[in-house]
Amino acid sequence: MTKEINEVGWNLENSYGRLPKSFFSNQKPNPVSSPKLIILNGSLATSLGLNVQALQSEEGVEELAGNRFPEGASPLAQAYAGHQFGHFTMLGDGRAVLLGEQITPVGERFDVQLKGSGRTRYSRGGDGRAALGPMLREYIISEAMHALSIPTTRSLAVVTTGEPVIRETDLPGAILTRVAASHIRVGTFQYVAKWGTVEELRILADYTLKRHYPGVEEDDSRYLSLLKEVIKRQAALITKWQLVGFIHGVMNTDNMAISGETIDYGPCAFMDAYDPETVFSSIDREGRYAYGNQPYIAGWNLARFAETLLPLLHDNQEEAVKLAQAAIVDFMGVYHSNWLAGMRAKLGIFNEEAEDVSLIEDLLKMMEKFRADYTNTFRALTFHRYEKTELFGTEEFKQWYELWQARLGRQKESKDSSYQLMQNSNPALIPRNHRVEEALEAAVKGDFSVMEQLLDVLSSPFAHTTEQADYCTLPEPSSMPYRTFCGT
Ligand code: AMP
Ligand code: MG
């Protein structure tokens with residue numbers, strides 16, 4: 001029997017809601033007084049099989065605000081736990097509800113979640129709401145990440161609620177519609193491992209395998225395969241973050257998705273000057289989640305994930321620990337070889353030489369020493385446009401440049417192919433912090449044109465158009481370092 005598709009195009013299923021009752025609680029979004037659509041992601045809507053015009057209609061906007069349920073929705077808040085800055089705690093969706101899973105015209109399954117939709121049983125002291133600025137920030141940065149080919153949750157829409165949220169000042173309230181391969185986190189496994197039964201853990205693991213790793217054989221070693229596959233995807237993801245200078249800012253285990261997507265855009269930001277110690281988040285006082293620490297933190301989080309799987313890995317706990325440890329030890333090696341491959345591409349190198357590591361590290365060390373901008377340095381190398389920066393004027397750089405050119409000569413590909421590879425590997429631009437702030441400031445005052453232009457140039461980061469050049473300029477030197485906030 002074929003399901004009749006409604007006007008908006010919802011084709012929702014609720015497989016998560018059929019999992020054990022302790023995994024979630026049924027939770028309707030709390031209605032808001034006067035929803036208004038601020039931004040809608042037309043191309044994402046279309047790829048989900050949704051009708052853009054119908055979503056913009058009064059009925060569509062009521063759905064995006066949680067005032068009205070899409071056909072087939074069975075809203076729920078998910079339970080999860082997590083290590084926040086290293087401390088284990090019970091969490092759960094405190095300000096989000098999952099409407100259901102949209103089955104796209106090509107048969108893919110995506111969670112559709114309203115973030116900022118009101119209190120749930122997991123809200124603890126929070127109001128369950130979100131402010132417009134942080135929701136637009138998530139929209140801009142997640143879409144920029146997607147355009148950079150980095151696995152990420154997406155943003156379908158932002159609506160304002162017509163109600164203020166009380167933070168340090170009153171801010172306009174908003175709801176983001178987030179689209180994700182799923183919202184299963186390391187923290188979801190931690191929750192079930194800690195408070196559920198082994199049978200429930202097995203159900204969660206089997207569900208995750210079916211949803212995200214359908215290629216894994218359904219044999220007795222499937223949970224070890226799950227661990228290995230998650231490690232592989234995280235190694236790939238973190239590599240991509242490092243290669244573009246993305247700093248997540250709050251890599252708690254509840255913010256690490258088992259699907260391998262980037263999730264939870266709170267205090268994240270892109271690095272300007274290259275410095276492994278870069279931290280933007282105002283609450284990360286000890287630099288736990290600094291740029292250079294991200295691979296190690298990912299390894300730490302994956303070890304927490306592996307611990308949750310122990311009862312499924314082997315009947316004998318010692319054997320289980322050995323299997324988990326062996327898998328975890330692999331993470332850094334996989335990460336490092338991905339990173340090396342990515343860095344070679346950023347420098348136009350096709351083949352492999354043992355000395356490539358030192359060529360790359362020497363460049364990074366010089367960038368750190370002379371506080372060279374990460375994105376712009378690679379762009380300059382790609383286009384041979386050496387602006388008057390301190391780095392490019394040094395003897396050290398000139399010597400490195402000669403070594404690099406000689407290195408490019410030791411491969412069969414032409415220099416032209418090298419520069420083409422570099423163009424495809426080095427973005428023309430990133431969402432610069434001052435540009436994002438400028439767009440948000442205007443948007444909160446009701447002018448959305450700055451944000452729309454920014455989204456437009458960010459949508460094809462490897463195009464290297466002249467229009468994008470404007471967005472590469474660095475902020476004026478400021479006495480205050482750039483700081484980001486969780487926006488809760
Ligand atoms: P996050 O820092 O966004 O990963 O959130 C950590 C936890 O705090 C999650 O359980 C969120 O659901 C919860 N949370 C964040 N903001 C709020 C809020 N305004 N009201 C209730 N819960 C919240
Ligand atoms: Mg979170």
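Read the numbers this way: they start at 1 and go in the same order the structure lists the ligands and their atoms.
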Side chains of Ser142 and Thr153: any donor to acceptor distance under 3.5 Å?
no
Angle class for the Phe85/Tyr289 ring planes (parallel below 30°, perpendicular above 60°, tilted otherwise)?
tilted
Here the atoms of ligand 1 under 4.0 Å from any heavy atom belonging to Gln84 are 6 (C)
Taking 4.0 angstrom as the limit, do Arg178 and Glu138 come out as a salt bridge?
yes
Ligand-side contact atoms (ligand 1) for residue partner Asn255, heavy atom cut-off under 4.0 Å:
4 (O)
Heavy atom under 4.0 Å from ligand 1: found in Tyr122's side chain, backbone, both, or neither?
neither
I'd like to check which ligand 1 atoms, numbered from 1 as shown, lie under 4.0 Å from a non-hydrogen atom of Gly126.
20 (N), 21 (C)
Under 2.8 Å from the Mg ion (ligand 2) - does any N, O or S atom of Asn255 fall there?
yes
Just checking, any donor-acceptor pair under 3.5 angstrom between side chains of Trp195 and Glu200?
no
Using only heavy-atom distances, determine whether the side chains of Tyr265 and Thr152 contain a donor-acceptor pair under 3.5 Å.
yes
Taking atom types as modelled, find out whether Gln78 and Thr188 have a side-chain donor-acceptor pair closer than 3.5 angstrom.
no
Geometric N/O contact Leu91 with ligand 1, under 3.5 angstrom
no
Going by heavy atoms, is Gly128 under 4.0 Å from ligand 1?
yes
Should Ser281 and Thr484 be marked as a side chain to side chain donor-acceptor pair (under 3.5 Å) after you check the CA-CA gap, both sets of side-chain angles, and the distance that decides it?
CA-CA 5 Å; Ser281 169; Thr484 57; 4.7 Å; no
With the threshold set at under 4.0 angstrom, would you say Lys115 reaches ligand 1 through any of its heavy atoms?
no
Which of the N/O/S atoms in Asp264 sits closest to the Mg ion (ligand 2)?
OD2
Applying a heavy-atom cut-off of 4.0 Å, say which part of Val250 lies close to ligand 1: side chain, backbone, both or neither.
neither
Between Arg129 and ligand 1, does any nitrogen or oxygen pair lie at a separation below 3.5 Å?
yes
Side-chain donor-acceptor pair present, Ser15, Tyr207, cut-off under 3.5 Å:
yes
Can you list the ligand 1 atoms lying under 4.0 Å from a non-hydrogen atom of Tyr80?
9 (C), 10 (O)
Distance under 4.0 Å to a non-hydrogen atom of Arg167: what atoms of ligand 1 satisfy this?
19 (N)
Regarding atom 10 (O) of ligand 1: of the candidates Gly94, Gly92, Pro267, which has the closest heavy atom?
Gly92
Tyr223 versus Asp206, side-chain donor and acceptor atoms under 3.5 Å
yes
Using a strict cut-off of 4.0 Å, indicate which atoms of ligand 1 neighbour a heavy atom of Asp254.
4 (O)
Run the contact test for Arg124 against ligand 1 with a 4.0 Å cut-off on heavy atoms, strictly below, and give the result.
yes
Please verify the inter-ring angle class for Tyr16 with Phe23; under 30° counts as parallel, over 60° as perpendicular, anything in between as tilted.
tilted
